[in-house]
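First up is the structure itself, then whatever we jot down about it.
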Amino acid sequence: MLSFSLTFPSTVWGLESFGPWSLVAVRSTLAALIAGAFLLAMRVPLPERRHWAGLAVVAGGVVVGFPLLTTLALQTSTTSHAAVVVGLLPLTTATFAAIRTGRRPSRTFWIAAVSGAAVVIAFTLQQSGGALSRGDLYLFGALLVCAAGYTEGGRLAALMPGWQVIGWALVLCLPLMAAGSAVALSFEPVRLNAHGIIGLVWVAAGSTFFGLYVWYRGMAAIGIPKASQLQLAQPLLTLVWSVSVLGESLSPAAPLAACAVLVCIAVTQRARG
């Protein structure tokens, strides 16, 4: 969660040097190269053919979709605003998992889920002057694709070592992201500075590879329900970084909304258990 909570501040720094499309393509390319090196060094065999469709969902949601949509959103949204909206991710993931696995959560779960969604929607409308902004639409789209990627990744983590799930998903994206990097860098200006380089390195090595590496490995070791409890700390940690690292002004509504969402998610976890 510590590595994930730094993703948005690092993305903002990365945007100081790269355009949004360049940043996402280059970060995924670097992460895929790191993952490929680890898989080769450990002589990990190729996944079975039946797993590649699931890995493609993980790649599309976690490696490409979520980074791209949140990067586009952060061009106009503050990290504190984005943190509250994306704080609904565990809730969204739980809903996708219920649909994917066919399990029927309790009524308490759904009441808490709807309550959490209502808090986030009210917050975004209040912050956007009564209407959803383009950044908000990007963030809600990011929730959907990432939840799909997390759900499929959690399913695959029961069939293969969890860290290999994100490793192979990254490698699967390498040809597309390498080509995308070449195209994006030729169209978007690059203005290298210290912030931009640090931001790129962190989102590639820290968030996209290391964070997901230990996340999926942890999910495999302690189980998805217990691991998901740790995700409750992510929105509040991001709010801390947005103030201390980026110097953003925190609206009074942001921490209140974040805490309300955390309470709703905690209720869903207990209800599911």
Side-chain angles (χ1 to χ4, degrees), residues 1-42 58-59 61-75 77-80 82-83 86 142 146 149 163-218 231 233-234 237-248:
M1 285 308 96
L2 181 62
S3 62
F4 287 164
S5 70
L6 284 165
T7 299
F8 287 172
S10 298
T11 299
V12 172
W13 274 10
L15 288 171
E16 294 183 16
S17 294
F18 301 92
W21 296 89
S22 300
L23 180 61
V24 172
V26 173
R27 90 182 245 185
S28 297
T29 299
L30 292 178
L33 292 173
I34 296 171
F38 267 75
L39 291 169
L40 284 174
M42 300 182 73
V58 176
V62 176
V63 178
V64 180
F66 184 79
L68 178 60
L69 291 170
T70 53
T71 299
L72 292 172
L74 286 170
Q75 291 187 290
S77 298
T78 64
T79 58
S80 58
V86 177
C146 190
W163 71 271
Q164 293 181 21
V165 173
I166 187 58
W168 287 117
L170 283 164
V171 170
L172 184 64
C173 287
L174 180 56
L176 175 63
M177 291 296 99
S181 297
V183 173
L185 288 172
S186 66
F187 282 95
E188 293 181 334
V190 176
R191 300 174 293 273
L192 293 180
N193 59 31
H195 278 179
I197 294 173
I198 293 172
L200 171 63
V201 170
W202 182 258
V203 293
S207 300
T208 307
F209 177 69
F210 175 75
L212 289 168
Y213 176 104
V214 296
W215 173 247
Y216 278 111
R217 188 163 187 172
Q231 201 172 16
Q234 183 178 342
L237 283 173
T238 300
L239 293 181
V240 172
W241 304 135
S242 69
V243 174
S244 60
V245 176
L246 301 178
E248 291 184 359

Can any side-chain N or O of Glu188 pair as donor or acceptor with the backbone N or O of Ser22 at less than 3.5 Å? yes
Would you find a donor on one side and an acceptor on the other, under 3.5 Å apart, between the side chain of Ser28 and the backbone of Val63? yes
Distance, nearest 0.5 Å, that separates CD1 of Ile197 from CH2 of Trp13: 12.0 Å
Which pairs, with at least one residue in residues 199-212 and sequence neighbours excluded, count as a side-chain hydrogen bond (donor to acceptor under 3.5 Å, both in side chains)? Thr7-Ser207, Arg27-Thr208, Trp202-Ser207
Give me the atom names and distance for the closest heavy-atom approach of Ser17 to Gly196. OG-CA, 3.1 Å
Anything under 30° is parallel, anything over 60° is perpendicular, the rest tilted; go ahead and classify Phe8 against Phe66. parallel
I need the minimum non-hydrogen distance between Pro67 and Val24, along with the two atoms involved. O-CG2, 3.6 Å
So which heavy atom on Val62 is nearest to which on Cys146, and how close? CG2-O, 4.3 Å
Of all heavy-atom pairs linking Ala31 and Ala204, the shortest is CB-O, 3.4 Å
Could you measure the distance from the CD atom of Gln75 to the OG1 atom of Thr70? Nearest 0.5 Å is fine. 11.0 Å
First locate atom CG of Leu185, then atom CG of Leu23, and finally report the distance between them rounded to the nearest 0.5 Å. 10.0 Å
Step by step, would you call Thr71 with Trp21 a side-chain contact (heavy atoms from CB on, under 4.5 Å)? CA-CA 8 Å; Thr71 299; Trp21 296 89; over 6 Å; no
Side-chain atoms of residues 239-247: list all donor-acceptor pairs with protein atoms under 3.5 Å, sequence neighbours left out, distances to 0.1 Å.
from   : atom 1 : to     : atom 2 : distance (Å)
Trp241 : NE1    : Ser5   : OG     : 2.8
Ser242 : OG     : Leu239 : O      : 2.7
Ser244 : OG     : Val240 : O      : 2.8

Working to the nearest 0.5 Å, report the span between NE2 of His195 and CG of Leu15. 13.5 Å
In short, Val58 meets Gly149 closest at the heavy-atom pair CG2-O, 3.6 Å
If you round to the nearest 0.5 Å, how far is CG of Leu39 from CH2 of Trp168? 5.0 Å
What closest approach, in Å, do Ser3 and Gly206 show between heavy atoms, and which atom pair accounts for it? CB-O, 3.8 Å
Which value, rounded to the nearest 0.5 Å, describes the distance between Ile34 atom CD1 and Thr29 atom OG1? 11.0 Å
